[in-house]
Structure formats: structure tokens, C-alpha cells
Amino acid sequence: MPWLGLGVFQVEDGETVAASVEEAIVQGYRHIDTAAVYENEEGVGEGIRRGMERAGITRDELFITSKLWNADQGYERALEAYRESTARLGLDQLDLYLIHWPVENKFTESWRALEDLYKEEKVGAIGVSNFQIHHLETLLQTAEIVPAINQVERHPRLVQTELFKYLTEKNIHPVAWAPLAQGGIFNEPVLVEMAESLGKTVAQVVLKWHLQTGWAVIPKSVKKHRIYENADLYDFELNEEQVKAINEMDQHRRVGPDPDNFDF
Ligand code: NAD
């Protein structure tokens, strides 16, 4: 899985999402993150086809993720939902399919469906999203396959130190959603100062911090120059003190729903 992907949450289906996915692929992104509930899989598929053509690449060079929505959890429905997502995307299969949220009393059964998709080679990899340690402990009691990925909210105000340690022990790769705290950290003095000293933007400093601390990232933007900016991360490094200073911004504060207390 490429460690940098384009997120498309809240991006309108049709031309808006198609154009941003196409632009990202042309600029060199090889990983796109969508979900059934974003209701933009058709436009994402269109963007993938246009991007591949313009970039002169083939399907196997891309890594496409989608997610099983809560209302579709359960064994039979999950199998069907996977088929529906691939059909909307116009793809034979996904590289990664995730259980979107840990719906109590359902996710174990949904996981069995994802395991069967994987065993039948209908999907490249399977994983989960928004799982806390105790959800994973429950899942692992009956799972035959350990999730490849746990995609969770993570940014400088929610560093997820304990979860990261657990995921590392279990060999589950962490992916950060809302890596830029949905825009809520751009005026943080520590980050503004650090960005100035490095000659980079706050977004670049924060995305680099994620990568250097072992997290894959899927920042969202529909703007061409930001899609570029968010991938221009490989000509600088944060030093140990800079990484530590960002780690110390942790307030255990979320911008999104709490996986232990959601009602959707
Ligand atoms: P994000 O942290 O990526 O922030 C996106 C916001 O930051 C947008 O408003 C964008 O305009 C702005 N932005 C992006 N790049 C910028 C830049 N360089 N300069 C200034 N502003 C910039 O938040 P997100 O979209 O919530 O998360 C990223 C992706 O994670 C989503 O698109 C989606 O694919 C995924 N996601 C997953 C879940 C889940 O439950 N698994 C939940 C939310 C999001």
C-alpha cells in the first residue's frame, strides 16, 4: 500500500470527485480512499479511468480502498455490498476493503464475509476502521485473518500512542484519517513556526510527521495546488525534537465521532 493516498470524504460525486482523483493520479498519487457512504464511488471510478489513461498506467499500479457501511454489516449483506461497491467503481476488485465502523454485535460476522472475499481472491487485502483496542481484541478472538489495516482518526491533537503500540505488536498497519484534523490545526503556533523554519507549509510538516512516526496518510483536497502540496514531502525531514514537539500537542481530542459512542 502506498503510504500517501487521496481521501475523498465529502467530495461531491460526478465531475468534482472525478476531476480530483484524475488530477491526483496524474500528479503521481497511487492510492485513493473512498467508502460506500461517501456516495461518490461512481465518480471515483470515472476519475480512476481518466487518471490511468492520462498517466499511462495500468490498474495494478493503483491501490483503491473502499469501506463497508454500517447498515450493510452482517455476513450476506457484506458480500453483496462489496459487489455493489466494485460495480459502482467499475473495478473487478478492490485492493483493500475495510469495515467502516465497529458496529457492536455485527462486526464479527461482517469480518467473516471479508475473510471469505479474501480467501476467494476477490479482494487484495482486508482491514478495519475506527477500531479501538477492545474492538480488535474481540475481533481477534474469532478471526482467522488478522486485519491488514486499521484506519483511524489521527492528527497532532489525537496522537493515538497507545493504539499505535498495540497495532505494531499485532502487525496491523495504521492509517491516519483526518491527518490534517480537517483543517483545524493550520494556525497552531508550534506548527506555523516549524513550517517557517523548514520552508514548508503546516500541512506538509504534519503529513511528514505522520509518515515519520509510522502512519500512512490520506489527506483530502479537491484543489490542484493542494493535492500537489500534500504529496511534496520528500525533500525534508523533521528532527527528533520537532517530532517530539508535535507528539506533545496531543490533547486526546477528536474532530470526528467517538468509536465507543456513535449512533449511526
Ligand atoms: P483532512 O484532515 O484530510 O482535512 C481535509 C481538509 O483540509 C479539507 O477541508 C481541505 O480543504 C483541507 N486541506 C487539505 N490539504 C490542505 C492544504 N495543503 N492546505 C490547506 N488546507 C488543506 O480530513 P478528512 O477529509 O476528514 O480525512 C481525510 C480522508 O480520510 C477522507 O477524505 C476520507 O477518505 C478518510 N476518512 C475516513 C474516515 C473513516 O471513518 N474511516 C472518516 C473521515 C475521513
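For ligands, and for the atoms within them, numbers begin at 1 and follow the listed sequence. These figures come from a predicted structure and were not determined experimentally.
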* To do: Say whether Ala203, considering both its backbone and side-chain N or O atoms, lies within less than 3.5 Å of an N or O atom on ligand 1.
  => no
* To do: Starting from atom 29 (C) of ligand 1, locate the nearest protein heavy atom and write down its residue, its atom name and how far away it is, to 0.1 Å.
  => Ile218 O, 3.1 Å
* Thinking salt bridges, do Glu115 and Arg112 make one under a 4.0 Å N-O criterion? -> no
* Asked: Is Gln204 reaching over with its side chain to a backbone N or O of Glu229, donor-acceptor style, under 3.5 angstrom?
  -> yes
* Asked: What about Trp101 and Phe264, are their ring centers closer than 6.0 Å?
  -> yes
* Heavy-atom distances under 4.0 Å are what count here, so tell me which part of Ala35 touches ligand 1: side chain, backbone, both or neither. => neither
* Identify the protein heavy atom lying closest to atom 14 (C) of ligand 1, giving its residue, its atom name and the separation to 0.1 Å. => Lys220 O, 3.0 Å
* Hey, which atoms in ligand 1 end up nearer than 4.0 Å to a heavy atom of Ala181? -> 2 (O)
* To do: Go through the steps for Val206 and His155 under the test side-chain contact (heavy atoms from CB on, under 4.5 Å), then give the verdict.
  => CA-CA 8 Å; Val206 171; His155 45 71; 5.5 Å; no
* Asked: Do Ser221 and ligand 1 have an N or O pair less than 3.5 Å apart?
  -> no
* Structure fact -> Atoms of ligand 1 under 4.0 Å from any heavy atom of His100, numbered from 1 in the order shown, are 39 (C), 40 (O), 41 (N)
* Got a salt bridge between Asp95 and Arg30, using NZ or NE/NH1/NH2 to carboxylate O under 4.0 Å? -> no
* To do: Tell me, please: is Pro179 in heavy-atom contact with ligand 1, that is, under 4.0 Å?
  => yes
* Asked: Hey, which atoms in ligand 1 end up nearer than 4.0 Å to a heavy atom of Gln151?
  -> 35 (C), 36 (N), 37 (C), 38 (C), 39 (C), 41 (N)
* Asked: Thinking salt bridges, do Lys220 and Asp33 make one under a 4.0 Å N-O criterion?
  -> no
* Which residue owns the protein heavy atom closest to atom 34 (O) of ligand 1, what's the atom, and how far is it? -> Asp33 OD2, 2.7 Å
* Specify the protein heavy atom at minimum distance from atom 31 (C) of ligand 1: its residue, its atom name, and the distance to 0.1 Å. => Phe9 CB, 3.3 Å
* Structure fact -> Numbered in order shown, the ligand 1 atoms found under 4.0 Å of a heavy atom of Trp101 are 40 (O)
* Proximity to ligand 1 by part of Asn130, non-hydrogen separation under 4.0 Å -> side chain
* To do: Please report which non-hydrogen protein atom sits nearest to atom 36 (N) of ligand 1, along with the residue it belongs to and the distance in Å to one decimal place.
  => Tyr38 OH, 3.3 Å
* Asked: Counting both backbone and side chain atoms, is some N or O of Phe186 under 3.5 Å from an N or O of ligand 1?
  -> no
* Asked: Got the closest protein heavy atom to atom 15 (N) of ligand 1, with its distance?
  -> Asn230 ND2, 3.0 Å
* Structure fact -> Quick note, ring-ring contact (aromatic ring centres under 6.0 Å, His included) partners involving residues 157-186, not counting sequence neighbours, are Trp3-His173, Phe164-Trp215
* Asked: How are the rings of Tyr38 and Phe9 set to each other: parallel, tilted or perpendicular (split at 30° and 60°)?
  -> tilted
* Asked: Considering distance alone, does some N or O of Lys67 sit under 3.5 Å from an N or O of ligand 1?
  -> no
* Asked: Starting from atom 19 (N) of ligand 1, which protein heavy atom do you reach first, and at what distance in Å?
  -> Arg226 NE, 3.4 Å
Which atom pairs, one a donor and one an acceptor, fall under 3.5 Å between side chains of residues 232-244 and the rest of the protein, sequence neighbours left out?
from: Asp235; atom 1: OD1; to: Lys200; atom 2: NZ; distance (Å): 2.9
from: Asp235; atom 1: OD2; to: Lys200; atom 2: NZ; distance (Å): 3.4
from: Asn239; atom 1: OD1; to: Glu241; atom 2: N; distance (Å): 3.1
from: Asn239; atom 1: OD1; to: Gln242; atom 2: N; distance (Å): 2.8
from: Gln242; atom 1: OE1; to: Asn239; atom 2: N; distance (Å): 2.8
from: Lys244; atom 1: NZ; to: Glu248; atom 2: OE2; distance (Å): 3.3

* Thr213 versus Arg154, side-chain donor and acceptor atoms under 3.5 Å -> yes
* Asked: Taking the six-membered ring for Trp, are the ring centroids of Tyr118 and Tyr97 within less than 6.0 Å of each other?
  -> no
* Asked: What is the nearest protein non-hydrogen atom to atom 4 (O) of ligand 1, stated with its residue, atom name and distance?
  -> Gln182 CA, 3.3 Å
* Asked: Will you find, in the side chains of Gln141 and Glu137, an N or O donor that is under 3.5 Å from an N or O acceptor?
  -> no
* To do: Considering the heavy atoms of Glu229, write down every atom of ligand 1 situated less than 4.0 Å from one of them.
  => 17 (C), 18 (N), 19 (N)
* **Proximal ligand 1 atoms for Pro219, defined as those under 4.0 Å from one of its heavy atoms** => 3 (O)
* Asked: Do NZ/NE/NH1/NH2 and the carboxylate oxygens of Arg49 and Glu22 come within less than 4.0 Å?
  -> no
* Does the N or O separation between Val8 and ligand 1 drop below 3.5 Å for any pair? -> yes
